[in-house]
Amino acid sequence: MKSAELRQAFLEYFQSQGHEIVESSSLIPANDPTLMFTNAGMVQFKDVFLGSDKRPYSRATTSQRCVRAGGKHNDLDNVGYTARHHTFFEMLGNFSFGDYFKREAIRFAWHFLTEILELPKEKLWVTVHISDDEAEKIWKDEMGIDPERFSKLDEDNFWSMGDTGPCGPSSEIFYDHGADVWGGPPGSPEEDGDRYIEIWNLVFMQFNRSADGVMAPLPKPSVDTGMGLERIAAVLQGVHSNYEIDLFQNLLKAASVAVGCQETDNQSLRVIADHIRSCAFLICDDVIPSNEGAGYVLRRIIRRAVRHGNKLGATGAFFNTLVAALTAEMGDAYPELKEKQAQVERILLKEEEQFAKTLDHGLRLLEEVIADLKGTEIPGETVFKLYDTYGFPVDLTADVAREHELTVDMDGFDQAMEDQRNRARAAGKFNVDYNDTLQLEGQTEFTGYNQLDGSATVVALFSDGEPVAQLNAGDQGMVVLDQTPFYGESGGQVGDTGVLTAAGVEFKVEDCTKESKNHLHHGVLVSGSLQVGDTVAPQVDEARRRATAVNHSATHILHEALRQVLGEHVQQKGSLCDADRLRFDFSHFEAVKPEELKQIEQICNAQIRLNTLVQTDIMDLETAKQTGAAALFGEKYEETVRVLTMGDGFSVELCGGTHASRTGDIALLKIISEGGIAAGVRRIEAVTGAKALAYIDQSAAQLEAKLQEQADKSRQLEKELEQMKTQLAAAKGADLLGNAVEVKGIKVLAEQLEGVDPKALRDTIDQLKNKLGSGVVVLATIADGKVSLAAGVTKDLTGQVKAGDLVRNLTAALGGKGGGRPDFAQGGGTDTEALPAVLATVQQLVEQNL
């Protein structure tokens, strides 16, 4: 029985026993911080077992996709080296939520295995918990299990959800591969051998364990069972390794072709075949390679597979090409593979290309280290250097070490990592804190919400990072004022530029930043000298500020439009607003589709056209949150905040930046790009106002130039095509020269040409006249259900035979008309069937005119 047939047989059997077929849940558990990945069939029903979730059914059956490659359940290092460890597997399960219990669960399992799958009873071995007399009695007395093939075990047959909560004994069913395979029955000293393989585990949840260890009976005992699809497929297909089943054989063949290795039982090929399953399904569940959490585990698995391909001699990206084979194998059972195949391939290809830069160099360095190694352990410092300097993953170093029968000094690696963190923390102490250096009191008062100029006092000056009492003409430096209209870079909005002036003094402000609660005006003293205590007149570059503020307001509208189109999960992850354009980073799991971008742009411009007042309110933070104002995750806010409202409540956000007065000031928003910048983070760039119009004009001009280029190219191709048609017709005509006959000493050629453009008849006749020297030529062709006919007479014969007369006679017989000069004439007709007979009369017509 093939794997797909087995999966379907299991589900259909339990459906026939009153179970609801429930789709596999995501590999990323919903609202479960205790698990990184779904690692068992019962995970999606955890809340049902706990009683906090109610379903419309009390019996369920599933084929659950599972991953065990991180956290407590981590089989990654064993994959490829054992017969049954996988990063990805399918768990077949049937569940009872307070409905049936031990008797029915045991009966279902035994009946399915021995009656539906027809496994020999003498090949099965059963275990129960040492305390579970009830299950023992059911197995022996009701199922008739052979007491010689029965064991009572302790810890191995008791399951619990955690230190507290639902728990209970379990019963396991093993398959005996036969005496020719080493190993003993469960509970024996040889139980770790491969002869007896667990194929099904039935968990009887009948107790609720409290914190003090007391186990009280559950009011509604439940059943949670699981049977690995790959394991039972191996049994039914008569093989000892999961990698020998049909599902893996097809993947192994695809992998062997991809990397150029013919040995399908190769250990590295097994790794690749296993890993394509976990990687593809994780990406289908919106996990993206990254440096943390599930994304980091995915990246590790991808890189491990690529490394094994490299080991087999693969050149270039290959891993992404296996997605098609996986889709062919499992796409019918899991349609998401078909729906997202292109996306999965793109993500894998990108990750392969990135890793290729690291892999080749890192492997060469590691091989050099191993060649020079004294002993059997790779030092932690070496592992750290490979990781820190060359980006070579630690787990791949361990993988290579294992292949060389070496170990890795992980304690040394961990110590090197900690030393680096300490160095980084120490280095951070040398960052300049200007407030601490000068012990400035108070803070710079920002006056720029309502004015762009004013008067201020210099409270501090800096040059080359050091405090100074005076700046002179030509000096680069920083100026701190007691108050300023210059906006200091923050919240994604760039700092203002402008000038600080006094009598004979001009300080050009090239940027303004914020350190603690003070504004630092960066720039150069163009003229005069400036001292602490001087009074200056600040003047912000008004046009630049206005353009920047407009772009900042546009990001607020864009943020809300993104949430409306893509979903409430969209959150701002960063932004940059300057005078030229805006950049907005946001959380989203996939590329934004063109039609979605168009809709987002339309929503933004609709709000802009409404030209509503941009309203700013000052309120305490708690009140602001109660109004529903959006805040940036992780951002720290003062107790008193500014709440910015646009579009009569369309957008409400906490923001300390400067903004337009009305949404109409933005004039127009045009998105110019969208793309990914990190795992689960996308970036949109856009322009507004005059910049947007300029961008549209430029795009239109580029499009017009492109269209003109295509039109010119099309005309050239048409010209070349006409020439080729003429050449083709001439070639066909030339082949017919031998068919010319003499009529009273005059050469006459009358022929039908196949597949020739009617427009080419004239040139062909001219060429044939030249080759004949003296004679009469009549050519015809059929195109689009009509006859086109032309006749040519050489100059020396036009006094005797006229081409126009010939054509008029011939086309009349074809149900058409024609005419022309004595040396050339053309016409046509509709009676295509009459053409051969009409052409046969040409010799007679010529003879009549002589």
Side-chain angles (χ1 to χ4, degrees), residues 36 67-88 192 241 243 255 259 261 263 265-276 278-279 289 291-292 295-315 318-319 351-352 354-421:
M36 179 179 291
V67 162
R68 291 186 178 176
K72 177 182 177 182
H73 298 287
N74 185 359
D75 291 337
L76 182 59
D77 293 336
N78 292 319
V79 173
Y81 297 96
T82 69
R84 280 169 288 279
H85 280 100
H86 303 293
T87 55
F88 174 93
D192 291 334
S241 169
Y243 293 99
V259 302
C261 172
E263 303 172 14
D265 61 344
N266 183 280
Q267 221 168 44
S268 289
L269 276 186
R270 290 182 173 188
V271 171
I272 295 167
D274 170 272
H275 287 9
I276 190 60
S278 55
C279 292
N291 291 325
E292 59 184 14
Y296 176 65
V297 175
L298 171 59
R299 173 163 285 168
R300 285 183 63 197
I301 300 173
I302 294 172
R303 292 187 169 189
R304 189 171 189 263
V306 172
R307 213 278 296 175
H308 277 275
N310 178 275
K311 178 183 172 184
L312 293 176
T315 56
F318 74 91
F319 194 48
E351 187 68 15
E352 283 187 85
Q354 289 177 341
F355 184 46
K357 301 171 185 176
T358 299
L359 181 60
D360 186 53
H361 188 54
L363 282 175
R364 285 202 307 271
L365 291 171
L366 184 54
E367 291 296 341
E368 290 173 6
V369 168
I370 292 173
D372 297 334
L373 188 64
K374 302 292 190 293
T376 61
E377 183 177 71
I378 300 177
E381 283 286 351
T382 301
V383 179
F384 176 76
K385 182 179 180 181
L386 285 166
Y387 168 78
D388 187 53
T389 306
Y390 303 106
F392 197 75
V394 178
D395 55 296
L396 286 193
T397 300
D399 220 24
V400 175
R402 178 175 183 170
E403 291 165 7
H404 288 79
E405 297 183 352
L406 301 173
T407 59
V408 172
D409 175 17
M410 288 306 300
D411 290 340
F413 171 79
D414 293 339
Q415 183 60 52
M417 283 289 291
E418 184 60 30
D419 291 345
Q420 184 198 53
R421 295 189 189 101

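All heavy atoms count here, side chains included; hydrogens, waters and symmetry mates do not.
- Other residues, nucleotides and ligands place more than 12 heavy atoms under 6.0 Å from the CD atom of E367.
- Of all heavy-atom pairs spanning I301 and C279, the tightest one is CG2-SG, 3.4 Å.
- Interatomic distance, CG of D399 versus CG of L366, reported as 10.5 Å (0.5 Å rounding).
- If you take NZ on K311 and SG on C261, they are separated by 10.5 Å, rounding to the nearest 0.5 Å.
- The backbone N or O of F319 lies less than 3.5 Å from a partner atom in the side chain of E352, making a donor-acceptor pair.
- With values rounded to the nearest 0.5 angstrom, L406 atom CG is found 5.5 Å from I370 atom CD1.
- For the residue pair G309 and V259, the shortest heavy atom distance occurs at CA-CG1, 4.1 Å.
- Defined by atom type and a distance below 3.5 Å, a donor-acceptor pair is missing between the side-chain atoms of D411 and Q415.
- Ring to ring, Y243 and H86 are close: their centroids are under 6.0 angstrom apart.
- Checking each of V394, T397, I378 against L386 for a side chain to side chain contact (heavy atoms under 4.5 Å, CB included) leaves exactly one that passes, namely T397.
- Partner of H275 under the side chain to side chain donor-acceptor pair (under 3.5 Å) criterion, chosen from R270, R303, R304: R304.
- For the pair I272 and A305, the tightest heavy-atom approach, listed with the atom from each and the gap, is CG1-O, 3.7 Å.
- Once rounded to the nearest 0.5 Å, the distance linking CD of E381 with CG of D419 reads 7.0 Å.
- In this structure, CD in E403 is found 4.0 Å from CZ in R307, a value given to the nearest 0.5 Å.
- The shortest side-chain heavy-atom distance between L312 and L269 falls under the 4.5 Å cut-off.
- Residue F318 holds its CZ atom at 9.0 Å from CD1 of I276, rounded to the nearest 0.5 Å.
- Closest heavy-atom contact between R299 and P289: NH2-O, 3.6 Å.
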